[in-house]
Undergrad: 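Please find one structure pasted underneath; my questions will follow.
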There are 2 protein chains.
Amino acid sequence: MPLKTPITVALARFEDLLGRGLRQLIESDPGLEVVATEVDHSRLPVVFQAHAPDVAILDAGALARLAEVRELTIEHPATKLILLANSPSMSECAQLLAFGASACLGKDTQSRDVLNAIYLASRNLRVFPRAVSAEPGPSLSGQELLTRREAEVLPLLQIGRSNAQIALALQVGVETVRTHARSIYRKLGVSSRRELAGPPARGLLREIGSPGLPQQDLPPSLIARGWPAGA
Amino acid sequence: MPLKTPITVALARFEDLLGRGLRQLIESDPGLEVVATEVDHSRLPVVFQAHAPDVAILDAGALARLAEVRELTIEHPATKLILLANSPSMSECAQLLAFGASACLGKDTQSRDVLNAIYLASRNLRVFPRAVSAEPGPSLSGQELLTRREAEVLPLLQIGRSNAQIALALQVGVETVRTHARSIYRKLGVSSRRELAGPPARGLLREIGSPGLPQQDLPPSLIARGWPAGA
DNA sequence: GAGAAGGGTGAGCCCCACCTCACCCGTGTC
DNA sequence: GACACGGGTGAGGTGGGGCTCACCCTTCTC
């Protein structure tokens, strides 16, 4: 194994108490190096430019739009994003990962799993929490979240399906698909399916959770279960 | 001023990251002494009995029933309770304080304000966050929260008003009041207005927030604004 | 020009939470 | 016995969010 250089981590601004815990956790791990803390989300591009951190941990609740994740991953593909949200639901995580995030974790995640996620993300693996709340429970930033139906339409738009094809797949009318698409565009701040089709981070998917250490890699089919693997 | 003995603080179990931050914050304050950490809510009575801490900081999200707060404050009046919730609403905080909690703070509260709240609570002051989310946003444990109307009925029940009097005050029928009362009893785990009328913690109300240090004491009328000041 | 997309508006429907009220019953108090 | 209270059940009404679909328009591409 070559010389171990520490993984550089940038920390966004979090709630004060959680930020303290997060910083202390990461600084106490010899394999990790904090290069920035309490970075306001508006300053993330600058910090990414200056430090090119391997991993950045962001507050999903501080995202004004989910599309921010998308923009960051496109602009700075070398920096893997880990999103911390308030008990995120499965679909919320799916949306964040579809936009290029490398991990989506609840703020109640065990410290050990947070560290695991950092190492996994730095190796270009994507991390999905095991114990996400089922479906109900609108959390995250609360606003501008895709509905269940919109979340079904999104991946089909991302892979370039036509409205008619989507309508056929979902067994609804074309007009309905167009309505969902409009809603998605508005919420995500884009104006066409082409803008949605950017290259999300690739990589295997791992699942972490309290029971123990990360398991074996999951088959690629699991990536496609939540949303298609890309155009 | 007499010899300064540190204020003893018990910490309930929190999300791992937040718990780290909270513990580190409090342990770094020379005026505070942590006597217990990561206390499961089921073990709170035991810990209160053993250490009789001046202040205990609890996770509002871990409360099975809001009535737990009430029971703890009645059983252990010497221990002041500080509740941390996920962006609590005004009515949530009002309910918690009505049940004897000394403070209700968001988990995004500034460290400085958390320390302030501990000191204020230990001096039998009640602390209300300044920047609470308006009305919408069901957070907290999510379940068994009083509705807006129930929250209006509760204080009137607590001061022993009859159903007819409440009906008159709220301009609704007696049957409606009885329905609200039933709902309140069920959610709070009590079975009469007498059980609701127990002695909540008394004390002045302070408001804390980011702008600066705590202001002057608020007039008692402010206590009565959210709910009557007791029988 | 035809067809697909994107953008705006609005309608109808369903589900759910909340509010309101009306019954039923039993108990305790005066 | 009259009355208030607690407990159970259910019926309406209302409001919001989501899903579905139907129009209207412009733009772009082939």
Side-chain angles (χ1 to χ4, degrees), chain A residues 67 89-92 95 134-154 156-197 231, chain B residues 67 89 91-92 95 133-154 156-197 231:
Chain A
S89 73
M90 197 61 103
S91 79
E92 286 166 4
Q95 286 173 41
E135 269 309 307
S139 47
L140 242 161
S141 53
Q143 63 210 0
E144 299 309 66
L145 252 181
L146 299 190
T147 68
R148 182 178 49 79
R149 206 55 162 159
E150 287 162 1
E152 292 180 81
V153 173
L154 172 59
L156 300 174
L157 288 173
Q158 286 183 305
I159 62 175
R161 293 274 190 276
S162 73
N163 291 339
Q165 287 174 312
I166 296 173
L168 194 63
L170 298 184
Q171 291 288 297
V172 295
V174 178
E175 286 301 321
T176 303
V177 174
R178 284 169 26 81
T179 300
H180 289 318
R182 269 194 298 274
S183 217
I184 293 170
Y185 297 157
R186 180 182 52 77
K187 289 180 179 176
L188 269 40
V190 302
S191 60
S192 77
R193 64 235 289 137
R194 278 177 302 283
E195 290 183 62
L196 287 174
Chain B
S89 73
S91 79
E92 286 165 5
Q95 286 173 41
S133 61
E135 268 310 306
S139 46
L140 245 163
S141 54
Q143 64 212 356
E144 297 310 65
L145 251 179
L146 299 190
T147 67
R148 182 178 49 79
R149 207 54 163 161
E150 288 162 0
E152 292 180 83
V153 173
L154 171 60
L156 300 174
L157 288 174
Q158 287 184 304
I159 61 174
R161 292 274 189 277
S162 73
N163 290 340
Q165 286 175 311
I166 297 173
L168 194 63
L170 298 184
Q171 290 290 296
V172 296
V174 178
E175 286 301 322
T176 303
V177 174
R178 285 170 24 85
T179 300
H180 288 318
R182 269 195 298 273
S183 216
I184 292 170
Y185 297 156
R186 181 181 51 77
K187 289 181 178 177
L188 269 38
V190 302
S191 59
S192 77
R193 63 232 296 135
R194 277 178 302 283
E195 290 183 62
L196 286 175

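Lettering follows sequence order; numbering is per chain, from 1. Computed from a predicted model, the values in this text were never measured in an experiment. Reckoned from all heavy atoms, side chains included, excluding hydrogens, waters and symmetry mates.
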Undergrad: Can you tell me how far CD of Glu195(B) sits from CG of Leu157(B), rounded to the nearest 0.5 angstrom?
TA: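 One gets 12.0 Å once the value is rounded to the nearest 0.5 Å.
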Undergrad: Any donor-acceptor pair, under 3.5 Å, between the side chain of Arg149(A) and the base of dG18(D), if you only look at N and O atoms?
TA: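 Answer no: no donor N or O sits under 3.5 Å from an acceptor.
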Undergrad: If the cut-off is 4.0 Å, is Thr176(A) near the phosphate of dC21(D), judged by side-chain N/O to OP1 or OP2?
TA: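 Answer is yes, contact under 4.0 Å.
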Undergrad: For Arg182(A), does the CZ atom have more than 12 heavy-atom neighbours from other residues, nucleotides or ligands under 6.0 Å away?
TA: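 Yes, because the 6.0 Å sphere around CZ of Arg182(A) holds more than 12 heavy atoms from other groups.
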Undergrad: To the nearest Å, how far apart are Ile184(A) CD1 and dG18(D) P?
TA: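 Computing the Ile184(A):CD1 to dG18(D):P distance gives 13 Å.
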Undergrad: Which heavy atom of Arg149(A) sits nearest to which heavy atom of Leu170(A), and what is that distance?
TA: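 Heavy-atom minimum between the residues: NH2-O, 3.3 Å.
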Undergrad: Could you grab the distance from atom CG of Leu168(A) to atom CG of Asn163(A), nearest 0.5 Å is fine?
TA: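 Here the interatomic distance stands at 12.5 Å.
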Undergrad: Does a nitrogen or oxygen in the side chain of Asn163(B) sit under 4.0 Å from OP1 or OP2 of dC5(D)?
TA: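 Answer is yes, contact under 4.0 Å.
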Undergrad: Can you give me the closest heavy-atom contact between Ala169(B) and Leu156(B), atom names plus distance?
TA: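 Distance-wise, the nearest heavy atoms are CB-CD1, 4.5 Å.
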Undergrad: By nearest nucleotide on DNA chain D, pick out whichever of Thr147(A) and Glu175(A) is the more 5' one.
TA: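 Between the two, 5'-proximity favours Thr147(A).
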Undergrad: Rounded to whole angstroms, how far apart are CZ on Arg178(A) and P on dC21(D)?
TA: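 One finds 13 Å between P of dC21(D) and CZ of Arg178(A), rounded.
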Undergrad: Using whole Å, what does the distance between atom P of nucleotide dG17(D) and atom NZ of Lys187(A) come to?
TA: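 One finds 11 Å between P of dG17(D) and NZ of Lys187(A), rounded.
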Undergrad: Separation of Leu168(B) atom CG from dA4(D) atom C1', in whole Å?
TA: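 Interatomic distance, CG of Leu168(B) to C1' of dA4(D): 16 Å.
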Undergrad: Just the rounded figure in Å: distance from P of dG16(D) to CZ of Arg148(B).
TA: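 Taking atom P of dG16(D) as the reference, CZ of Arg148(B) is at 12 Å.
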Undergrad: Under a criterion of less than 4.0 angstrom to any heavy atom of chain A, what are the 5'-terminal and 3'-terminal contacting nucleotides of DNA chain C?
TA: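 Boundary nucleotides touching chain A, in 5' to 3' order, are dA5(C) to dT9(C).
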Undergrad: What is the separation between atom CZ on Arg186(B) and atom P on dG6(D), rounded to the nearest whole Å?
TA: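 Distance check: Arg186(B) CZ to dG6(D) P gives 16 Å.
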Undergrad: Can you confirm whether Lys187(A) sits close enough to Leu154(A) that some side-chain heavy atom of one is under 4.5 Å from a side-chain heavy atom of the other?
TA: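 No, their side chains stay 4.5 Å or more apart.
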Undergrad: For a quick test of reading the model, state the closest non-hydrogen atom pair linking Ile184(A) to Glu150(A) and the distance between them.
TA: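 That would be CD1-O, 3.3 Å.
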Undergrad: For His180(A) and dG18(D), what is the distance between atoms NE2 and P respectively, to the nearest whole Å?
TA: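 So the two atoms are 11 Å apart, to the nearest Å.
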Undergrad: Quick one: label Ser162(A) by what it contacts on the DNA or RNA (base, sugar-phosphate, nothing), any heavy atom closer than 4.0 Å.
TA: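 Result for Ser162(A) = sugar-phosphate.
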